[in-house]
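The structure appears right after this line, and notes come after that.
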Amino acid sequence: MKLTKQLLILILVQFGIVCTVYSQKPQITRIDPTNWYVGMKNPNLQVLVYGIKIAKSNFTLKPYSGVKLKKIQKVENPNYLFIDLEISKSAKAGSLEFVFAEGNSKNTIKYELKNRSAKPQGVDQSDFIYLLMPDRFANGDESNDKFDDLNDKQADKNNPFLRHGGDLKGITDRLDYLKELGVTAVWMTPVIENNTELTDEGGTWRSSYHGYHFTDFYQIDKRFGGNEGYKKFVNDAHAKGIKVVQDAVYNHIGLTTWFYKDLPSKDWINQWDTYTNTSYKEQSIVDPNGSAYDRKICSDGWFTKFLPDLNQRNPFLANYLIQNAVWITENFGIDAWRIDTYMYNDLAFMNRCNKALMDEFPKIHLFGESWVRSVFNQAYFTKNNINFPFKCNLPGTLDFMVQTGILDGLNQNYDWDGGVQKLYQILAQDGAYQDASKNVTFLDNHDTDRYFSVVGEDFDKYKMGITWLLTLRGIPHFYYGTEILMKNFKNPSDAEVRKDFPGGFKGDSENKFTKQGRNAKENEAFDFVSKLANYRKNSEALTKGKFLQFVPFEGIYVYFRYTNNQRVMIISNTNKEEKIVETARFNEILKGSKSAQNVLNGTNLNDISKITIPAKTSWVLEVK
Ligand SMILES: [Ca+2]
Ligand SMILES: [Ca+2]
């Protein structure tokens, strides 16, 4: 048999012998961002190319009107190449051609430049955000519950630590339920791919059903519906007047992230000689007298041993993360970002990332998770009025302090500093923020005990806290199931507060998405939230108005939301007995008004100079 050149190569390859004399076509495994856009405010784009020894190839860009090749950069690892392009305002949508050559072999890759179409709306005080966990809300497609080609191949609704199969289709099918509740925006725990292995946490094997262990920034998890499913979800939600908030994680990645297995350079990760966890002590970041050592541990220590901490001071990684955030916003058309573990990121990087998003999408809203114990520290991690040497540019923050104030207001006994005085005192520090109305307020979330349990399943307290949430300044967010009195503490694990929404899964014995499926108490709760949230939507004072609060007196807390056209008075009696409240001290805003309408039950109060309010009750009164 005559050996042809091709056959010889085939045999060499067959036997695993690398043929070095014959130049092979450069192989490219991945290019990120997967595409880009024309008409961006920032003309610069840095493309990451990944492929075996790709740095050895010669790169050229086929001439394309309005696009300039600025730089080709190599890093420590020869499997990466970074290509810097400048895309001018005049560039039109189309396909760039990237040519990688090695010897006389070439690989030409088309790279698409698309027209922009996303119009992020942002979220503001007129919104009511509903936080849900997509794995735990509703399963709309059982064919995507599990896949054999993923590291975690399981789905089991009966195991609290494994995936349950919930997905975007399930949520789309429940958008009318959310609309009825008065919701205007959905925030889901992350939808980015988490192709992780099960991890042994405290003796139990756990999946990353919660979504916080990213493995590919450019893929929506296929168990939720993948990129196409997410695009459809955002479009369907927008068509129903519901905005979408995405959950971002810049601080860390999952252990099976493709680039972690073959790092571009060692310093993409904050490396330590021995494993170092973050101290979670944000005080060390805020403290003017704090040590550099403590700051480094807090910021560069790993969130857990399963989550390599990203070194955002590496300029290639920083570009990679920022471009991904811009790409997701543009590609899927989301309206706002919630940013996970904000305090443990490199804050200078976060400022650059926030600015990039705000430059490209002027209406977008960004708010971070900074779980703190003081208004002063909370203000550090958002735009503030305090003379800190570091100036954070994040427009809003999750308001953990108002959550503390509301819960203490409901659960503590009223005294000089206790009970509702706590809530008043926290709100009295709003001067720390440049705009407290951009803070996102809440009662509970996926990391806390459930609200109804925290208030001791006391329905009067439940209603009072919800009244505060929906009438105070800020953008309120709810946690799924609070409207149907889902309860539980995080003991023994957080899975207790992340249970399936009853009725979202095949075989569920109850369906609490429907009035018929809810019991009387659950309907009372649902109707209460729905009534107030829907009133709120159309109330100028609650969605745009100023906030005026009075010092609590004898367990009575009164505040107003108002514009030139509307005044809403919120009066709360936190006592265990009925109270008669003389209203003369509120005259700077009541201005002699005589009557008001109770928004929740429609009754009229014809003489508001004295208001008799039952025990443990909040009223929302529209002043005439
Ligand atoms: Ca499913
Ligand atoms: Ca960090």
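Remember, it's 1-based here, ligands and their atoms both numbered in the order they're listed.
Checking side-chain atoms of Thr341 against main-chain N and O of Tyr344 turns up no donor-acceptor pair under 3.5 Å.
Annotation: protein N, O or S atoms under 3.0 Å of the Ca ion (ligand 2) (waters excluded) comprise Asn251 OD1, Ser299 O, Asp309 OD1, Asp309 OD2, Tyr344 O.
In this structure, Phe137 and Tyr177 have tilted ring planes: the angle between them lies in the 30° to 60° band.
In this structure, a donor-acceptor pair under 3.5 Å is absent between the side chains of Asn384 and Gln434. Counting only N and O atoms by type, the side chains of Tyr433 and Asn385 include no donor and acceptor under 3.5 Å apart.
Note: Phe501 and Phe513 meet the aromatic proximity criterion, with ring centroids under 6.0 Å apart. When ring centroids are compared, His446 and Tyr212 come within the 6.0 Å threshold. Ring-centre distance between Phe303 and Tyr280: below the 6.0 Å cut-off.
Here the Ca ion (ligand 1) is the vertex; the OD2 atom in Asp167 and the OD1 atom in Asn144 give an angle of 90° (to 10°).
Within the 3.0 Å limit, Arg223 places no N, O or S atom next to the Ca ion (ligand 1). Note on Ser143: not counted as a metal contact of the Ca ion (ligand 1), no N/O/S atom lying under 3.0 Å. Contact annotation: Asp141 places an N, O or S atom under 3.0 Å from the Ca ion (ligand 1).
Screening Tyr230, Phe259, Trp258, Trp327 for a ring-ring contact (aromatic ring centres under 6.0 Å, His included) with Tyr218, the sole residue that qualifies is Trp327.
The atom of Asp145 nearest to the Ca ion (ligand 1) is OD1, with the search restricted to N, O or S atoms.
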